[in-house]
A.B. asks: 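Sharing a structure, written as structure tokens. Questions coming.
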Amino acid sequence: EDQVTQSPEALRLQEGESSSLNCSYTVSGLRGLFWYRQDPGKGPEFLFTLYSAGEEKEKERLKATLTKKESFLHITAPKPEDSATYLCAVQAGGGATNKLIFGTGTLLAVQP
Amino acid sequence: GAGVSQSPRYKVAKRGQDVALRCDPISGHVSLFWYQQALGQGPEFLTYFQNEAQLDKSGLPSDRFFAERPEGSVSTLKIQRTQQEDSAVYLCASSLAAQGARGYTFGSGTRLTVV
């Protein structure tokens with residue numbers, strides 16, 4: 001069964017304190033791994049797509065990496081505005097469906 | 001509009017009542033998805049449309065849930081005889097591409113509370 005597990009469930013950082021969020025996955029044929037940011041009362045906002053092991057993508061203070069079993073979202077020198085829930089999702093291969101399978105998210109709080 | 005629009009933003013229903021949730025995707029987007037997000041959880045897939053064709057409805061939790069997109073644009077998710085476990089945020093997403101989740105844009109969701 002395709003599955004996504006995120007850790008930690010919640011993370012509190014001081015402004016400027018770098019850290020990483022983990023996303024472990026088991027999937028039958030990975031078509032893509034996605035990172036989203038979700039603010040309270042809003043829908044998920046797309047951050048990155050990774051397709052193959054070894055791939056990395058960066059956007060401002062965020063960097064996403066991918067291995068065959070997990071992905072990391074590295075946050076460098078975070079600011080309070082980075083506070084949000086970060087969701088990881090995978091898209092499995094095969095079939096006509098394009099659905100995403102999400103993890104439960106990591107709630108990040110960055111304190112000034 | 002510029003984004004995916006969902007209405008209503010909030011809906012309170014009495015148990016047993018029928019509800020209809022509307023999604024206006026980005027103009028020209030071929031693919032449309034519905035997800036259910038319970039409190040503290042990640043979104044869970046409900047159903048997928050490509051234009052007006054419902055290609056996957058494997059995530060609909062029961063036959064009380066029904067979705068349609070008759071003209072390949074606006075979609076409606078209908079829940080009959082609502083129950084407390086239906087309380088959640090219902091998210092709609094649309095994508096220009098027929099394949100893949102690239103460019104997947106979510107709406108802000110409809111928060112359904114069944115009392």
Side-chain angles (χ1 to χ4, degrees), chain A residues 1-10 21-25 27 29-52 55 57 64 71 73 84-108, chain B residues 2-10 21 23-26 29-51 53-60 67 88-111:
Chain A
E1 183 184 346
D2 300 329
Q3 194 169 352
V4 176
T5 303
Q6 292 187 247
S7 62
E9 289 184 6
L21 312 183
N22 177 263
C23 171
S24 299
Y25 64 91
V27 64
L30 181 70
R31 286 172 58 188
L33 184 139
F34 301 80
W35 283 98
Y36 285 85
R37 169 190 171 129
Q38 187 172 28
D39 293 296
K42 300 284 184 62
E45 176 187 345
F46 173 77
L47 293 174
F48 303 108
T49 308
L50 302 167
Y51 295 102
S52 57
E55 190 175 359
K57 289 195 176 171
S71 176
L73 184 66
T85 296
Y86 290 86
L87 294 165
C88 172
V90 297
Q91 189 176 44
T97 186
N98 299 305
K99 69 180 180 184
L100 296 181
I101 300 163
F102 283 87
T104 54
T106 293
L107 177 60
L108 174 65
Chain B
V4 177
S5 177
Q6 293 189 245
S7 60
R9 286 282 284 125
Y10 303 93
L21 312 180
C23 173
D24 273 285
I26 294 173
H29 276 199
V30 170
S31 296
L32 186 145
F33 306 81
W34 284 99
Y35 284 80
Q36 180 190 60
Q37 187 172 24
L39 190 63
Q41 301 297 311
E44 289 194 5
F45 172 80
L46 293 176
T47 188
Y48 164 61
F49 290 86
Q50 184 174 314
N51 295 305
Q54 189 174 20
L55 297 186
D56 188 344
K57 53 182 181 179
S58 63
L60 296 177
V89 175
Y90 290 85
L91 295 165
C92 176
S94 70
S95 171
L96 183 60
Q99 292 291 331
R102 197 174 301 173
Y104 227 85
T105 303
F106 281 90
S108 293
T110 294
R111 180 176 296 277

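Lettering follows sequence order; numbering is per chain, from 1. Both backbone and side-chain heavy atoms feed into the values below; hydrogens, waters and symmetry mates do not.
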A.B. asks: Can you confirm whether A:L100 sits close enough to B:F33 that some side-chain heavy atom of one is under 4.5 Å from a side-chain heavy atom of the other?
C.D. replies: no
A.B. asks: So do A:P44 and B:L91 actually touch side chain to side chain, heavy atoms under 4.5 Å?
C.D. replies: yes
A.B. asks: Taking everything shown except A:E55 itself, do over 12 heavy atoms lie less than 6.0 Å from its CD?
C.D. replies: yes
A.B. asks: Taking side chain as C-beta onward, heavy atoms only, is B:F45 less than 4.5 Å from A:F102?
C.D. replies: no
A.B. asks: Flag the pair B:F106 / A:F46 as yes when at least one side-chain heavy-atom distance between them is below 4.5 Å, and no otherwise.
C.D. replies: no
A.B. asks: Given that the side chain runs from C-beta out, which part of B:Q37 has a heavy atom under 4.5 Å from chain A: side chain, backbone, both or neither?
C.D. replies: side chain
A.B. asks: Check B:R9 against A:G41 and note the closest heavy-atom contact, atom names and distance.
C.D. replies: NH2-O, 3.2 Å
A.B. asks: Flag the one option from B:G40, B:S58, B:P43 with the top tally of heavy-atom pairs under 4.5 Å to chain A.
C.D. replies: B:P43
A.B. asks: Of the backbone (N, CA, C, O) and the side chain (C-beta and beyond), which part of A:E9 lies under 4.5 Å from a heavy atom of chain B, both, or neither?
C.D. replies: neither
